[in-house]
Each structure stands twice: as structure tokens, then as C-alpha cells.
Amino acid sequence: MPRILGLSGSLRRASFNASLLRAAARLAPEGTEVDVRGIQGVPLYDADLEAQGTPQAVLDLRAALAEADGLLLVSPEYNNGIPGPFKNAIDWMASGAGADLFKGKPVALMGASPMATGTILAQDHWLPVLRTLGTRPWFEGRLMVGRAPEKFDDHGALTDADTRKRLGAFMAGFAAALG
Ligand code: FNR
């Protein structure tokens, strides 16, 4: 039974990306477990802080990654790049002892934004990060959810039929790749 750590990179309560991740968990194939998480509680990376001990929020995310067969990054896009808070969380996770957790780990990327291009540029900006961490990126599926306010209802449920179909296929493909 493949186990996926799904990480949403937005702190916003009504985040489209958190909503997309919850939909991904529901539409994943039967037998696939998706551990739905966010980056709440992760402080700004500071080597001096780290010298006093790794924050609990980071230790929790590392433990979840250690237990996962694959990592799903659900990334917003800010100024055509990776939002700082999300990059910061991954930097913390991969610091020191955390680096080994990413090596050879299958990673899939998706994201949602109000713009038509739906995070395509942020997804591209993740590529050097995934390469540097020695991950095994899964590139057989792509999912950009553009015009997000039209695709989710006021409670954050993914209502757009075409997006649900594409998301289901994406999750089936990633789960299959995890064996
Ligand atoms: C944005 N947004 C945005 N969207 C996009 O598609 N491309 C972009 O370059 C940017 N740039 C950007 C910069 C900053 C500083 C903010 C705050 C926002 C809009 C962004 O996609 C939108 O706020 C989403 O709703 C953020 O994701 P969550 O929080 O809904 O998951």
C-alpha cells in the first residue's frame, strides 16, 4: 500500500493549494494513503536556532517523510516562483540529518492559482531544488489548476469535473509509480 506525504505550501486558511491536496487525498486510488500536512509552525530557518535544537514542527515533517514512499508538493506560486514559506520549510526539513530523507525519494508536483497558468512557473522553479536534494522526480503527470476560484466551492471542495478527472489520473499515475 503506497503511502504519500502530501505537503501544501500555503499558510492561508482558505488556501486553494490545501484544498487541492485534500481533494488529491480523496481521489487517490483505493489502497493509497495520503498523509495530508501543511507547513504551519515551521519558523524561519536560522542556523543559530538549529544549533539549539531542531524545531518540533520540522521533526514531525521529517518523521512523516521518513514513513512515506513518495512526496507530493502542492505549491502556490508567488511572483512566478516558489513562495518563501514553502521553500523555507523544505530547507529546514533537508538540513543536516534531514538531507538523507530526500535522497531517491519519488516527488510529484502540483499547484493551484487564480491565474490561467496555474503555478506552472513555480513548478519549474522547484526543479533545481529537487535535483539538489537528490530526489527522484515523477514527471509522468503534470497538474496545473488555473482559475482556481472557479474550480472550488466556498468550502474548498473541488467541484470542477474536468479537474477532478485530471487529478484522479495524476494520483493514480503517481501511486502506480510507487509500486
Ligand atoms: C501571488 N499570486 C500569484 N499567482 C500566480 O499564478 N502567479 C504569480 O506569480 C503570483 N504572484 C503572487 C505574489 C504574491 C506575493 C501573492 C500573495 C500572490 C496569487 C496566488 O496564486 C494566490 O494568492 C493563491 O490563492 C495563493 O495560493 P493559496 O494560498 O490559495 O494556496
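Quick note: numbers below take in every heavy atom, side chains included, and nothing from hydrogens, waters or symmetry partners. Every number for a ligand or one of its atoms is a count from 1 in the order of the listing.
Of all protein heavy atoms, the one closest to atom 27 (O) of ligand 1 is Asn17 ND2, 3.3 Å. Here the heavy atom of the protein found nearest to atom 9 (O) of ligand 1 is Asn80 N, 2.7 Å. Annotation: atom 5 (C) of ligand 1 to nearest protein heavy atom, Met115 CG, 3.4 Å.
Taking distance alone, with nitrogen or oxygen atoms compared against 3.5 Å, Ser113 approaches ligand 1 more closely than that limit. Backbone and side-chain nitrogen or oxygen atoms of Thr119 are examined, and none is located within less than 3.5 angstrom of a nitrogen or oxygen of ligand 1. For ligand 1, one of its N or O atoms has an N or O atom of Glu77 under 3.5 Å away. When only interatomic distances are considered, the shortest N/O to N/O separation between Phe16 and ligand 1 falls below 3.5 Å.
By the definition of a contact as any protein heavy atom under 4.0 Å away, atom 23 (O) of ligand 1 is not in contact.
With a 4.0 Å cut-off on non-hydrogen atoms, Ser10 touches ligand 1 through its side chain and not its backbone.
Cation-pi contact between Arg136 and Phe139: absent, since separation from the ring centre below 6.0 Å together with deviation from the ring axis within 45° is not met.
Between the CG atom in Asp69 and the CD atom in Glu33 there is a gap of 9.5 Å [rounded to 0.5 Å].
Considering only non-hydrogen atoms, atom 13 (C) of ligand 1 lies nearest to Asn79 out of Leu11, Thr117, Asn79.
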